[in-house]
Amino acid sequence: AVVLERLPYGDPARVVVFDAYNARQSASAMLTPAEAAGMAGEDGVFERVARYNWSGETLVNPGERPREFTVAMVTADFFAILSPRMLLGRAIEPGDIASGARVIVLSHREWQRAFGGDPQVIGRKMPLAYGDAEVIGVLPPSFQYPGTDVGGWLPMFPRFEPKPDAPEYANARYVPT
């Protein structure tokens with residue numbers, strides 16, 4: 001027997017993920033920021049468009065060896081589009097980005113590893129190399145987008161957003177719906 005589980009998104013039938021294809025190199029490529037902006041500007045085509053960038057953070061607990069983990073920096077609509085069922089707390093919201101709040105949503109795995117699965121983790125500070133981040137949410141083990149190695153999601157502040165077609169941001173990804 002095969003048991004299929006529902007995807008861990010609010011309305012998975014309405015979510016579309018786009019990649020580009022480079023025929024010359026026979027390989028996938030990411031959409032550029034300009035391509036994503038063009039998609040977002042198409043009236044009536046997509047309700048929302050979100051992006052994410054892969055990044056890394058270093059956990060720097062006093063008295064412990066620093067530990068790196070993978071994070072995804074996400075735009076304001078990322079969680080609104082995917083609408084995962086939070087295990088604890090809440091997702092990143094537009095107000096977090098507008099205010100410049102240093103917040104983080106943790107994967108289930110990172111919550112277990114960094115905080116021992118403490119159900120009182122919401123509001124605690126996570127000491128990161130570039131400044132503490134306040135834990136605002138924890139996702140269930142079933143939520144692993146954009147990859148199983150992501151330990152947390154941070155706001156993609158405008159000053160860090162990819163510039164249109166800038167080659168140094170070739171790993172920017174887009175999640176339109």
Could you check V135 against K125 for side chain to side chain contact (heavy atoms under 4.5 Å, CB included), going step by step and ending with a plain yes or no?
CA-CA 6 Å; V135 178; K125 299 292 183 190; over 6 Å; no
Write down the atom of [X], the atom of [Y], and the distance for their closest heavy-atom approach.
{"X": "R109", "Y": "D149", "value": "NH2-O, 3.2 Å"}
{"X": "A76", "Y": "I97", "value": "N-CD1, 3.3 Å"}
{"X": "P146", "Y": "A72", "value": "CD-CB, 4.1 Å"}
{"X": "A91", "Y": "V105", "value": "CA-CG2, 4.1 Å"}

Has S99 got a side-chain atom pairing as donor or acceptor with G95's backbone, closer than 3.5 angstrom?
yes
Please report the interatomic distance [atom1]([X]) to [atom2]([Y]), rounded to the nearest 0.5 Å.
{"X": "L88", "Y": "W111", "atom1": "CG", "atom2": "CH2", "value": "5.0 Å"}
{"X": "L59", "Y": "R65", "atom1": "CG", "atom2": "CZ", "value": "13.0 Å"}
{"X": "I81", "Y": "Y145", "atom1": "CD1", "atom2": "OH", "value": "10.0 Å"}
{"X": "D118", "Y": "R124", "atom1": "CG", "atom2": "CZ", "value": "5.0 Å"}
{"X": "F69", "Y": "R113", "atom1": "CZ", "atom2": "CZ", "value": "10.0 Å"}
{"X": "W153", "Y": "M73", "atom1": "CH2", "atom2": "CE", "value": "14.5 Å"}

Does any part of the side chain of [Y], heavy atoms only, come nearer than 4.5 Å to the side chain of [X], both counted from C-beta?
{"X": "F79", "Y": "P84", "value": "yes"}
{"X": "H108", "Y": "L139", "value": "no"}
{"X": "V121", "Y": "V138", "value": "yes"}
{"X": "L154", "Y": "E57", "value": "yes"}

Is V60 reachable from M126 through a run of I, L, V, M, F, W or Y residues, each pair having side-chain heavy atoms under 4.5 Å apart?
no
Any chain of hydrophobic side-chain contacts (each under 4.5 Å) joining V71 to L87?
yes
Sole candidate of V74, I92, T75 that passes side-chain contact (heavy atoms from CB on, under 4.5 Å) when paired with M156:
T75
Students often mix this up, so state it plainly: with edges at 30° and 60°, are the rings of Y52 and F78 parallel, tilted or perpendicular?
perpendicular
One thing to verify: whether R90 and D96 come together as a salt bridge, which I'm taking to mean a side-chain N less than 4.0 angstrom from a carboxylate O.
yes
Can a salt bridge be assigned to the pair E110 and R67 using a cut-off of 4.0 Å between side-chain N and carboxylate O?
yes
